[in-house]
Amino acid sequence: MSYKLGIDVGGTFTDAVLINNNVVHNKGKIPTDKDNLLETIVNAMDLLDISKQKIEQITISTTLVTNAILQNRLPEVNLLLFPGSGMKLSSLPWPVNYEVLEGELDFRGREVNPPNQQEWKQLVERLKSSLNPQIAISGKFSHRNNIYEEQLASYLQKELPKADIALGSQLGQTNFYRRSLTTYLNLASQVQFLEFASQLKSAIDTRKCTAPIRVLKADGGVLPLSKIRPVESIYSGPAASVLGALAQSSSEDSYVVVDIGGTTTDIGLVLSGSPLISAQGAKIGSFLTNVRSLAVRSVPVGGDSVVLMENNKLKLANYRLGPAFCIGGYNPTPTDALRYLNLTDYGSHARAEESLASLLPESKRQPQDIRELAEEVVRIMVDRIGQAIEELQQEWQDEPAYKVWEVLHHHEDLEFYIQLSGGGASGIANALADRMNARTVLTDFSEVSNAIGAAMAKPTFSWTLNLDTYLGRYRIEETGEQGKWEGSKKPHREVEQFLKDLAYRQAETMGIEGSSLQKDQFDYFPLVESYNTVGQIIRGGMHVPPGVSGRIVK
Amino acid sequence: MKKTGIVFFPAFDWSLGESHPEREERLLYTQEQIFEEGIIDLPQVKQYSPGVANLFDVMLTQAVFPTPHRHKLDAHLIAVGSSMILSKALMNKEISNGFAMVRPPGHHSGATVWGNRGFCTLNNEAILVNNLRSQYGIKKVAIIDTDVHHGDGTQDVFYHDPNVLCISIHQDGRTLFPGTGFTDEQGGPNAWKSTVNIPLLPGVGDEGFLYALENWILPRVSEFKPDIIINSAGQDNHFTDPLASMNCTARGYGKITDMIKPNLAVLEGGYSIQGALPYINMAIFLALAGEDYSGVIEPHKPTRSEIGGETFRTFLAGLKQQHDNLRPNWTLRQEPYLPAGEWVYLEKSVFYDTDWFKENRREYIRKCDHCGGTVLMITQNLMTFEKAALVRIPFQACDTCEQAGYDLAEHFKKAEKTLLLQNQLRNQVHLWSQGEEVSLFES
Ligand SMILES: [Zn+2]
Ligand SMILES: [Zn+2]
């Protein structure tokens with residue numbers, strides 16, 4: 001008998017579950033200590049008494065990197081750019097400083113202007129004083145040709161042996177701006193993440209557990225602790241919500257996932273059993289990144305959001321000041337409104353009434369007044385969630401399409417229901433069903449749904465190929481691998497096999513089963529010069545989509 | 001914040017032939033360039049996903065004969081529909097301007113359509129403009145065509161329409177397809193001077209274009225007082241274009257855009273797909289978004305000799321004089337089926353270079369002091385010998401012209417195998433084939 005352990009570190013609470021053969025064996029919930037996530041995780045494990053079971057795998061969804069970025073607790077990184085010509089860098093908002101270097105490539109990665117070695121020398125002079133310089137190098141079109149990044153990196157490594165250097169080309173998706181910022185964030189969060197990883201590992205070791213540790217990513221997949229890029233672990237919470245719903249519903253359903261937390265409600269979309277992935281990378285704080293993420297919305301409203309009366313207008317604050325009044329807190333919250341209306345039975349009805357009444361002038365505290373107030377609180381909450389759902393469905397409708405076929409077969413009409421989880425979910429179910437004109441379904445293990453999602457998550461990865469047979473170069477976006485192509489100038493099957501072999505080989509090292517790899521559409525662009533076809537640009541991919549390893553049985 | 005919209009539809013699975021200039025690869029490097037630069041991340045930029053136009057919108061503006069169902073229109077309907085996504089966003093005030101970077105192009109496609117010519121089957125801008133007039137009450141539109149080729153299709157669609165000003169600046173038709181666009185083409189009897197053609201000598205560059213804009217095009221536009229300005233933003237005036245012989249740069253196109261200040265730019269031609277398109281598309285878009293495009297520099301330098309300075313200014317002054325001095329000379333015609341009034345008669349021959357055949361067309365325009373005048377076109381495809389008639393009741397038609405349109409339709413429903421009634425006044429379209437009405441909504 002072996003067990004899967006899932007832990008989701010949320011902003012307010014940390015959930016943990018132990019799953020055996022798709023059955024929830026044990027579950028628990030403890031408050032999150034924001035200043036000590038490691039201890040929180042270890043406490044959650046101890047709560048479930050993991051040393052008593054044989055654990056086959058541990059999956060962690062953590063806000064470590066998210067918090068470090070949002071709270072601005074990252075070390076300084078020297079960001080060196082090869083922007084070449086084109087749009088001015090200052091057209092886009094750069095949340096960090098950068099330094100511009102000479103050297104330009106074009107859109108196929110061909111050299112236009114070489115770098116200036118003199119600049120590099122001066123750079124070393126300036127960085128020399130730093131004990132352990134953190135250096136991120138990013139060039140426009142480096143995802144097509146990493147030559148300048150590599151040259152500068154090896155020069156700097158020789159001159160500054162203590163430097164930590166990261167290259168933009170290793171995060172090889174198109175978009176120089178996002179690639180640069182993502183490279184920056186990844187390098188900046190590396191030290192904290194590695195420290196966290198090693199402490200976590202030893203904490204687990206001392207509990208005589210040898211299970212591999214996996215980390216949940218924003219795209220709803222997992223990777224081994226040692227393989228993940230720290231920045232990919234951002235926004236794993238909303239991803240865990242979606243996976244939690246996935247593990248507790250039928251495999252072909254289409255639904256909106258609504259997970260109500262203490263201060264935020266996470267919303268996701270599942271289309272015929274597959275979570276919708278955002279067409280753009282994640283935005284975190286003032287950083288736009290190319291981190292692949294599920295298309296989710298986090299609405300700053302939850303069961304513990306403080307209800308305020310400002311100038312006779314009811315407002316839901318986007319913060320929490322402890323638990324709801326009806327369960328011993330100090331402020332009126334949506335939880336109190338739901339309790340007062342008897343939509344939930346959690347907490348004291350009398351206290352719920354007291355808290356709501358406190359918002360009204362003394363002359364207007366009749367049951368009818370309080371009732372109207374409570375209904376208004378629920379209405380505001382449901383309306384905010386409803387708007388976010390509509391936005392997300394619009395995002396799905398607005399996915400870009402670049403081929404005739406894609407436009408003509410854009411989106412089939414799907415019928416969505418709403419899969420609700422989290423505190424107070426049952427309380428708003430009817431109101432939300434009315435607002436969205438859709439039926440709602442309550443998740444069985446509502447309070448630990450995220451931890452279930454983490455425990456059941458499968459690995460994800462993609463290999464997106466860009467091959468220019470004329471220039472004889474191929475690149476893999478996600479790994480940053482760039483190499484020589486020695487095959488035919490106009491290959492067909494050959495190139496699909498080439499990518500398949502490469503992906504299978506690398507999947508193995510990541511603990512991904514080859515059978516879960518799916519082939520994407522391959523696009524062949526004939527390259528024409530003076531009416532002759534001289535080669536091809538080929539784009540194609542293999543990927544492992546996000547999903548769960550089984551369905552939870554009650 | 002003033003928003004700039006973009007719809008990018010490169011039709012990566014559509015071409016007119018593997019090594020044809022209008023092929024899958026055409027916007028490949030533009031995609032690489034604009035997405036690598038991160039223009040979609042500019043705070044004022046909103047990207048829209050493509051749309052599909054319906055046949056009603058098409059047939060209100062263009063008579064696709066013998067029926068639209070006989071043509072392969074998928075890619076063209078998406079190019080039109082995508083452009084219309086932006087015009088709708090403009091009308092809904094979501095954006096203040098926008099760029100439809102779409103394939104295939106459209107400005108060689110005219111009032112009657114028997115096939116593909118100059119790589120165009122449907123006219124993106126023309127259909128969009130009439131949709132704005134029928135759905136949003138737009139009255140006056142200026143279309144400025146900066147493609148190196150004469151925008152003959154757009155001119156043809158609006159030739160009798162006094163409320164659409166069509167200005168085309170292009171390489172002289174004696175040296176380039178489609179061989180038209182001379183100063184004597186200035187509009188039909190009720191729309192004289194609403195068409196302006198500025199044919200240039202090969203070799204003109206940024207300087208000449210900007211001079212012509214400042215001294216001829218822009219004054220004419222502001223005199224016309226359009227509600228909306230559309231730019232047919234062809235990019236084949238670039239110094240690397242393989243089909244033409246001009247000398248413009250990407251930054252020059254940025255400046256042209258800055259001066260025209262179009263509400264919408266719609267991509268037309270441009271076949272230097274590596275040397276020009278990625279850079280010009282960037283420059284035009286940055287200009288629309290109010291960003292600095294001075295850093296958009298092509299890797300190559302111009303090598304063609306440029307015509308500018310005094311030589312150009314003298315040339316243009318002569319051309320303008322010739323244009324201004326022209327007076328029309330209309331031929332009137334009587335036919336038994338023509339309702340009361342004076343009818344101007346015109347003849348036209350259209351060459352479909354993609355499929356290599358000719359169309360012959362006779363046009364009758366009702367002279368009218370109150371409206372654009374009802375138009376009758378009788379056209380024949382000289383490859384298949386099929387014939388068809390088009391009757392157009394114009395926007396804001398007067399009562400007499402409206403009635404004349406119905407009378408003509410009544411006659412040609414029986415007299416011709418195919419008849420299209422474009423009732424722009426009442427926003428109605430009827431297509432008859434052998435006396436039976438054909439639905440535009442089945443595929
Ligand atoms: Zn052209
Ligand atoms: Zn009239």
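All chains are named by letter (A, B, ...) in the order of the sequence lines, taking the proteins before the strands, and each is independently numbered beginning at 1. Quantities reported herein were computed from a predicted structural model and do not represent experimental measurements.
The side-chain heavy atoms of B/Glu291 and A/Lys88, taken from C-beta on, include no pair separated by under 4.5 Å. In this structure the side chain of B/Ile78 reaches within 4.5 angstrom of the side chain of A/Leu408, judged on heavy atoms. Side-chain contact between B/Asp41 and A/Arg178 is present, with at least one heavy-atom pair separated by less than 4.5 Å. At a threshold of 4.5 Å between non-hydrogen side-chain atoms, the residues B/Tyr29 and A/Ile537 count as touching. Residues B/Leu42 and A/Ser91 are in side-chain contact: their nearest non-hydrogen atoms beyond the backbone lie under 4.5 Å apart.
Interface remark: A/Asn175 contributes backbone and side-chain atoms alike to the contact with chain B (heavy atom separation under 4.5 Å). Heavy atoms closer than 4.5 Å to chain A are found in the side chain of B/Leu286, but not in its backbone. Both the backbone and the side chain of B/Pro10 have a heavy atom closer than 4.5 Å to some heavy atom of chain A. B/Glu25 touches chain A through backbone and side chain together, each having a heavy atom under 4.5 Å away. For B/Ile40, the part lying near chain A is the side chain, with the backbone staying farther off; criterion is any non-hydrogen pair under 4.5 Å. Only the side chain of A/Asn466 comes within less than 4.5 Å of a heavy atom of chain B; its backbone N, CA, C and O stay farther away. At a 4.5 Å heavy-atom cutoff, B/Arg103 makes no contact with chain A through either its backbone or its side chain. Only the side chain of A/Phe525 has a heavy atom closer than 4.5 Å to any heavy atom of chain B. Using a 4.5 Å cut-off between heavy atoms, B/Phe35 contacts chain A through both its backbone and its side chain. Using a 4.5 Å cut-off between heavy atoms, B/Gln31 contacts chain A through its side chain alone, with no backbone atom that close.
The backbone N or O of A/Thr174 lies less than 3.5 Å from no partner atom in the side chain of B/Glu36, so there is not a single donor-acceptor pair. Remark: the backbone N or O of A/Val404 is paired with a side-chain donor or acceptor of B/Asp13 at under 3.5 angstrom.
Ring geometry, B/Tyr279 versus A/Phe107: the interplanar angle falls from 30° to 60°, so the pair is classed tilted.
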- Task: Start with the C-alpha distance between B/Glu24 and A/Arg539, add both sets of side-chain angles, then the distance that settles salt bridge (Lys or Arg N to Asp or Glu O under 4.0 Å), and finish with yes or no.
- Result: CA-CA 13 Å; B/Glu24 296 91 340; A/Arg539 293 171 170 183; over 6 Å; no
- Message: Working note: A/Glu399 + B/Ser49, criterion side chain to side chain donor-acceptor pair (under 3.5 Å); need CA distance, chi angles, decisive distance, verdict.
- Response: CA-CA 6 Å; A/Glu399 276 187 328; B/Ser49 60; over 6 Å; no
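In terms of non-hydrogen atom pairs under 4.5 Å with chain A, the most contact-rich of B/Ser82, B/Pro50, B/Pro43 is B/Pro50. In terms of non-hydrogen atom pairs under 4.5 Å with chain A, the most contact-rich of B/Arg23, B/Glu18, B/His20 is B/Arg23. Ranking A/Asp523, A/Val407, A/Val112 against chain B, the residue ahead of the rest is A/Val407, based on heavy-atom pairs under 4.5 Å. For the options A/Asn532, A/Asn113, A/Thr533, A/Leu527, heavy-atom pairs under 4.5 Å to chain B are most numerous at A/Leu527.
In terms of the salt bridge (charged side-chain N to carboxylate O under 4.0 Å, His left out) criterion, residue partners of A/Glu391 (sequence neighbours excluded) are, by chain and number, A/Arg297.
Under a cut-off of 6.0 angstrom, the local environment of OH in A/Tyr470 is sparse, with at most 12 non-hydrogen atoms contributed by other residues, nucleotides or ligands. A 6.0 Å sphere centred on NE2 of B/His300 holds no more than 12 heavy atoms belonging to other residues, nucleotides or ligands. More than 12 heavy atoms of other residues, nucleotides or ligands lie within 6.0 Å of CG in B/Asp355, so this atom counts as buried by the packing criterion.
Rounded to the nearest 0.5 angstrom, B/Glu37 CD and A/Leu92 CG are separated by 9.0 Å. Atom CG of A/Leu89 is separated from atom CG of B/Asp292 by 11.5 Å, given to the nearest 0.5 angstrom. Atom CZ in B/Phe12 sits 10.0 Å away from atom CD in A/Glu406 (nearest 0.5 Å).
Between B/Phe9 and A/Tyr402, the distance separating the two ring centers is not shorter than 6.0 angstrom.
What you find for B/Gly295 and A/Ser85 is that their closest heavy atoms are O-CB, 3.2 Å.
Proximity to chain B among residues 137-148 of chain A is limited to A/Gly139, A/Lys140, A/Phe141, A/Ser142, A/His143, A/Arg144, judged by heavy-atom separations below 4.5 angstrom.
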